[in-house]
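A short worksheet on the structure shown next.
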Amino acid sequence: MKILIVEDERQLSDVLTVLLKQNLHVTDAVYNGIDAEDYAMTGVYDAIILDVMLPGKNGIEVLRSLRQQGNNTPVLLLTAKADIEDRILGLDTGADDYLTKPFSTGELLARLRSITRRGNEYLGDALQAGNTVLDKNTHQLGTGKETVTLSVKEYQIMEMLLVNSRQIIPKERFVEKIWGFDSEAEYNNIEVYISFVRKKLLAIGSDLQIKAVRNVGYSLEVGV
Ligand code: CA
């Protein structure tokens with residue numbers, strides 16, 4: 001998943017970034033409420049971790065503005081332990097859940113899983129299309145007969161394709177989601193990784209095919 005981290009305490013932000021990356025998420029970090037809203041409104045995030053006490057605009061104001069503009073990205077609020085009112089206000093404003101500082105990393109990951117599961121059933125433990133299953137815990141792609149393990153980028157590509165199967169995903173979308181806005185990734189990087197994934201699909205006897213749509217992007221087709 002692609003997650004926006006909004007936290008002005010650099011140390012905590014860095015810890016969150018490392019933790020989420022270790023769990024194969026793609027992250028962007030911003031440190032004030034103004035940037036938070038700009039980034040969130042791009043709509044590319046699967047979840048937002050949003051601190052309440054922020055410079056520029058506080059987390060509640062950011063959240064209210066997002067929801068008023070129709071942005072429904074799941075939001076996990078980070079609040080100080082004493083601020084019960086913040087929590088109530090946050091939930092009333094449209095936060096999906098909250099976590100009080102200090103929190104354990106296990107709890108943060110569990111709550112992220114929980115808020116992204118709602119309304120998005122595909123975010124269970126496995127994604128399936130045709131004869132092929134992608135296991136979200138082991139990052140293995142299998143057909144029952146054969147199984148391969150995907151690298152981080154291959155996994156992220158396959159996840160995007162399965163979640164949006166039969167839709168054309170523009171190349172820019174892969175860059176935004178997997179490499180991030182600031183990345184130097186060239187489009188031919190994606191082509192390289194797509195070819196790796198295609199080889200693995202072939203190797204396990206998958207009936208899925210990644211079709212290239214010239215100058216646009218890729219789509220996953222079943223039963224070919
Ligand atoms: Ca803060």
Side-chain angles (χ1 to χ4, degrees), residues 1-120 123 136 152-153 156 159-160 163 173 175-185:
M1 293 192 294
K2 189 172 175 80
I3 297 167
L4 179 63
I5 302 167
V6 187
E7 169 57 72
D8 59 317
E9 289 167 50
R10 293 275 173 155
Q11 211 178 346
L12 179 54
S13 174
D14 291 348
V15 168
L16 290 173
T17 298
V18 169
L19 173 73
L20 293 172
K21 286 206 159 101
Q22 281 169 349
N23 284 273
L24 301 189
H25 299 301
V26 182
T27 61
D28 286 322
V30 293
Y31 309 97
N32 64 69
I34 310 290
D35 288 346
E37 195 176 326
D38 286 348
Y39 274 66
M41 282 308 293
T42 61
V44 303
Y45 298 100
D46 299 297
I48 301 168
I49 298 173
L50 180 61
D51 187 29
V52 172
M53 296 294 284
L54 289 169
K57 215 173 184 189
N58 74 40
I60 302 285
E61 291 171 323
V62 171
L63 179 61
R64 183 176 294 127
S65 176
L66 291 178
R67 295 305 188 236
Q68 281 171 353
Q69 294 174 77
N71 180 306
N72 290 315
T73 308
V75 167
L76 179 62
L77 273 190
L78 299 183
T79 67
K81 198 153 200 167
D83 291 334
I84 294 170
E85 285 181 8
D86 273 358
R87 278 180 249 161
I88 296 168
L89 184 59
L91 292 170
D92 284 345
T93 307
D96 295 82
D97 204 352
Y98 67 84
L99 204 51
T100 54
K101 298 180 192 176
F103 48 82
S104 77
T105 55
E107 188 176 9
L108 176 94
L109 293 171
R111 290 196 188 256
L112 272 180
R113 279 196 299 273
S114 158
I115 65 170
T116 51
R117 200 174 290 134
R118 281 173 209 154
N120 292 308
L123 289 166
K136 303 185 73 153
V152 173
K153 295 261 186 286
Q156 290 166 340
E159 184 185 39
M160 277 183 74
V163 166
R173 197 78 179 170
V175 175
E176 286 169 8
K177 279 254 185 188
I178 296 172
W179 280 270
F181 290 115
D182 302 331
S183 89
E184 305 274 304

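In listed order, ligands and their atoms are each counted from 1.
Listed by chain and residue number, Glu37, Lys57, Gln69 satisfy the side-chain contact (heavy atoms from CB on, under 4.5 Å) test with Ser65 (two or more places apart in sequence, or in another chain).
Summarising the geometry of Leu77 relative to Gly90, their closest heavy-atom pair is CD1-CA, 3.5 Å, with the distance given to 0.1 Å. Closest of all the heavy-atom pairs between Ala36 and Leu4 is O-CD2, 3.8 Å.
Excluding waters, the count of protein N/O/S atoms less than 3.0 Å from the Ca ion (ligand 1) comes to 3.
Salt bridge annotation for Glu176-Lys2: absent, with no cationic side-chain nitrogen under 4.0 angstrom from a carboxylate oxygen. The existence of a salt bridge linking Asp96 and Arg67 is confirmed by a sub-4.0 Å separation between a basic side-chain nitrogen and an acidic carboxylate oxygen.
Partner of Tyr45 under the side chain to side chain donor-acceptor pair (under 3.5 Å) criterion, out of Asp28, Thr73, Thr27: Asp28 alone.
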